[in-house]
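These notes concern the structure reproduced below.
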Amino acid sequence: MPIAEPIGVLAAILTTFGFIPQLIKLLKTRETAGISVIMIAQVATGLFLWFLYGILKKDPILIGANGISLSITLITLSLVLRYRNAKSWKD
């Protein structure tokens, strides 16, 4: 199936950079009220497992896409926690 590879690559690109708009908004506004820490942690756990699965399967697309996604998600999670902690000290 020659169509399968491009579909997989496009899916990997879209999901890999799915958190970028949230990360940009977070960096600009530092507003965390509408962001669920549990959801981000759950997504990060899933991405880690997909990354691990990619390593076990020796699949470079799974490894690359999920490794990048996991990094972006963990950065987002750390900023949410940092901004919430900083806000609680101000209040």
Q | Contacts of Phe48 that satisfy ring pair (Phe, Tyr, Trp, His ring centres under 6.0 Å) - sequence neighbours left out | A | none
For residues 71-82, which side-chain donor-acceptor pairs fall under 3.5 Å, sequence neighbours excluded?
residue: Ser71; atom: OG; partner: Gly67; partner atom: O; Å: 3.0
residue: Thr73; atom: OG1; partner: Ser69; partner atom: O; Å: 2.8
residue: Thr76; atom: OG1; partner: Ile72; partner atom: O; Å: 2.9
residue: Ser78; atom: OG; partner: Leu74; partner atom: O; Å: 3.3
residue: Ser78; atom: OG; partner: Ile75; partner atom: O; Å: 2.8

Q: Can you measure from CD1 (Ile63) to CG (Leu52) and round to the nearest 0.5 angstrom?
A: 10.0 Å
Q) Just how far is it from atom CH2 of Trp50 to atom CG of Asn66, taken to the nearest 0.5 Å? A) 7.5 Å
Determine all donor-acceptor pairs shorter than 3.5 Å in which one atom belongs to a side chain in residues 55-62; sequence neighbours excluded.
residue: Asp59; atom: OD1; partner: Ile61; partner atom: N; Å: 2.9
residue: Asp59; atom: OD1; partner: Leu62; partner atom: N; Å: 3.2

Q. Got a sec, which pairs hit ring pair (Phe, Tyr, Trp, His ring centres under 6.0 Å) with one end in residues 23-42, sequence neighbours left out?
A. none
Q) Thr45: what forms a side-chain contact (heavy atoms from CB on, under 4.5 Å) with it, not counting sequence neighbours? A) Leu49
List the atom pairs, donor and acceptor, that lie under 3.5 Å between side-chain atoms in residues 13-27 and the rest of the protein, sequence neighbours left out.
residue: Thr15; atom: OG1; partner: Ala11; partner atom: O; Å: 2.9
residue: Thr15; atom: OG1; partner: Ala12; partner atom: O; Å: 3.4
residue: Thr16; atom: OG1; partner: Ala12; partner atom: O; Å: 2.4
residue: Thr16; atom: OG1; partner: Ala65; partner atom: O; Å: 3.3

Q) So, does Glu31 use its side chain to make a donor-acceptor pair with the main chain of Ala33 at under 3.5 Å? A) yes
(Q) Any side-chain to backbone donor/acceptor pair from Ser36 onto Met39? Under 3.5 Å, distance only. (A) yes
